[in-house]
Amino acid sequence: MKYFDKLNLPTFSNAQKDLDNLIDNEIVTWLPRNNQICLNCVVGKDDPYLGTGSLYYDWEKIDVSTINSKNDVPVKDVIYEEEDFTELCTKFKNTVFEEMYLLLKTNYKLGRVRLMKSLPKTCLSWHFDNSKRLHYPIITNDGCFMIIEDETLHLESNNWYLTNTTVKHTALNASYSPRVHLVATILE
């Protein structure tokens with residue numbers, strides 16, 4: 001595997017249970033536009049949604065069915081950098097996500113750490129990121145794949161993967177169930 005590295009880090013089999021508890025008790029919710037929740041926040045802004053979606057483009061201000069390119073998408077009024085997301089949001093204190101965040105923060109220089117949900121029968125755009133990503137599949141099944149350049153892999157649940165997303169890639173959920181990954185931006 002040239003774009004994927006399976007890592008030997010501790011696993012957290014209770015992540016789905018804690019996530020279900022946070023959702024069921026309305027502590028956090030999935031945003032309809034991007035289905036993301038950010039575990040970490042900017043100092044003074046304890047908001048698990050500030051770090052969701054693009055840090056640069058303001059997809060909330062447009063009807064996505066009307067765009068032809070990223071040039072049609074307005075830029076956000078306030079632009080944060082990955083490096084700005086340095087604190088765990090209080091909603092995740094005393095959960096498995098605090099343990100996961102602390103594990104990652106001990107071993108890596110982190111940007112945003114997000115829970116990302118892919119709905120059934122969906123695919124991300126073909127894009128590249130400015131840095132690598134760690135993936136930890138919490139909910140997945142056989143129809144979920146990540147494609148990086150010419151390499152395709154099903155990421156197995158409760159395993160850590162370092163992915164080189166600095167090249168063209170996408171993720172697809174060709175199943176009939178949602179897929180949820182914890183995704184951490186790794187800064188050099």
Side-chain angles (χ1 to χ4, degrees), residues 1 3-4 6 12 15-24 26-40 47-76 82 85 97 100 111-186:
M1 297 188 300
Y3 298 110
F4 300 91
K6 193 170 182 180
F12 298 87
Q16 183 176 352
K17 181 181 172 191
D18 271 18
L19 178 59
D20 290 345
N21 184 51
L22 289 167
I23 299 285
D24 292 347
E26 299 179 359
I27 296 167
V28 294
T29 188
W30 296 109
L31 293 181
R33 175 76 79 156
N34 62 29
N35 282 307
Q36 296 181 20
I37 303 167
C38 197
L39 296 185
N40 53 347
D47 179 355
Y49 306 104
L50 182 65
T52 63
S54 172
L55 291 176
Y56 185 75
Y57 292 108
D58 197 342
W59 293 94
E60 300 294 319
K61 289 186 177 173
I62 61 156
D63 176 0
V64 293
S65 66
T66 64
I67 66 165
N68 294 314
S69 75
K70 274 192 174 178
N71 295 334
D72 297 335
V73 183
V75 174
K76 289 189 174 185
E82 291 286 349
F85 292 83
F97 298 107
M100 295 171 92
R112 293 176 294 166
V113 180
R114 294 172 285 173
L115 295 164
M116 302 176 103
K117 180 167 85 169
S118 292
L119 296 176
K121 303 190 315 183
T122 59
C123 176
L124 293 177
S125 64
W126 190 238
H127 69 285
F128 65 90
D129 301 320
N130 293 327
S131 54
K132 294 179 179 181
R133 304 285 194 259
L134 274 173
H135 278 255
Y136 186 83
I138 295 171
I139 302 170
T140 191
N141 56 64
D142 292 343
C144 298
F145 300 95
M146 191 163 181
I147 303 167
I148 304 178
E149 292 287 337
D150 61 349
E151 192 173 1
T152 302
L153 185 67
H154 167 71
L155 280 61
E156 298 171 353
S157 64
N158 298 314
N159 285 283
W160 291 99
Y161 296 87
L162 178 62
T163 60
N164 182 359
T165 54
T166 64
V167 296
K168 294 285 189 165
H169 68 278
T170 187
L172 63 98
N173 181 352
S175 78
Y176 295 101
S177 302
R179 159 202 182 265
V180 176
H181 283 201
L182 183 139
V183 180
T185 300
I186 304 303

Could you give me the CA-CA distance, side-chain angles and deciding distance for Ile37 and Leu22, then say whether side chain to side chain contact (heavy atoms under 4.5 Å, CB included) is met? CA-CA 11 Å; Ile37 303 167; Leu22 289 167; over 6 Å; no
Aromatic ring pairing His135/His181, orientation class (parallel under 30°, perpendicular over 60°, tilted between): perpendicular
Looking only at heavy atoms, what is the nearest atom pair of Val167 and Ile148, with distance? CG2-CG2, 3.5 Å
What is the distance from atom CE of Met116 to atom CG of Leu124, rounded to the nearest 0.5 Å? 7.0 Å
Side-chain heavy-atom pair Trp126, Thr170 within 4.5 angstrom cut-off: yes
Please confirm whether the backbone N or O of Arg133 pairs with a side-chain atom of Thr163, one donor and one acceptor, at under 3.5 Å? yes
Calculate, to the nearest 0.5 Å, the distance between atoms CD1 and NZ belonging to Ile23 and Lys117 respectively. 7.0 Å
Rounded to the nearest 0.5 Å, what separation is found between the CD1 atom of Ile186 and the OG1 atom of Thr165? 9.5 Å
For residues Phe97 and Leu19, determine if any side-chain heavy atom of one lies less than 4.5 Å from a side-chain heavy atom of the other. yes
Would a 4.5 Å heavy-atom cut-off, applied to side chains only, mark Trp30 and Thr52 as touching? no
Does a side-chain heavy-atom distance below 4.5 Å link Val28 with Leu115? no
Counting heavy atoms not belonging to Asp24, are there more than 12 under 6.0 Å from its CG? yes
If we only count heavy atoms from C-beta on, is the Ile147 to Leu172 side-chain gap below 4.5 Å? yes
Kindly give the heavy-atom pair with the smallest separation between Met146 and Leu155, and that separation in Å. CB-CD1, 3.9 Å
Looking only at heavy atoms, what is the nearest atom pair of Asn141 and Pro178, with distance? ND2-O, 4.5 Å
Decide yes or no for Cys38 and Asn40: does some side-chain heavy atom of the first lie under 4.5 Å from some side-chain heavy atom of the second? yes
Check whether any side-chain N or O of Ser175 sits under 3.5 Å from a backbone N or O of Lys121 as a donor-acceptor pair, and report yes or no. no
Can you tell me if Asp47 has over 12 outside heavy atoms packed within less than 6.0 Å of its CG? yes
Closest approach of Gly51 to Arg114 (non-hydrogen atoms, all atoms of both residues): O-CD, 3.3 Å
Rounded to the nearest 0.5 Å, how far apart are CD1 of Ile139 and CD of Gln16? 4.0 Å
Heavy-atom pair of closest approach, residues Asn159 and Ser157: ND2-O, 2.9 Å
Between Arg179 and Ser177, is there a side-chain donor-acceptor contact under 3.5 Å, judged purely by atom types and distance? no
So, taking the atom named CG in Leu119 and the one named CG in Asn35, what distance separates them when rounded to the nearest 0.5 Å? 4.5 Å
Can you check whether Tyr3 reaches Leu153 side chain to side chain, under 4.5 Å on heavy atoms? no
Between CG on residue Leu55 and CD on residue Glu82, distance to nearest 0.5 Å: 5.0 Å
Hey, mind stepping through Asn34 and Tyr49 against side chain to side chain contact (heavy atoms under 4.5 Å, CB included) and telling me if it holds? CA-CA 10 Å; Asn34 62 29; Tyr49 306 104; over 6 Å; no
Side chain of Asn164, backbone of Thr166: donor and acceptor closer than 3.5 Å? yes
Main-chain N/O of Glu156 paired with Tyr161 side-chain donor or acceptor, under 3.5 Å: yes
Do Glu149 side-chain atoms and His169 backbone N/O form a donor-acceptor pair below 3.5 Å? no
Phe12 side chain near Asn158 side chain, heavy-atom distance below 4.5 Å: no
Note: Cys144 and Asn173 closest approach over all heavy atoms is SG-OD1, 3.5 Å
Between Arg112 and Gly53, is there a donor-acceptor pair closer than 3.5 Å when you use the side chain of the first and the backbone of the second? yes
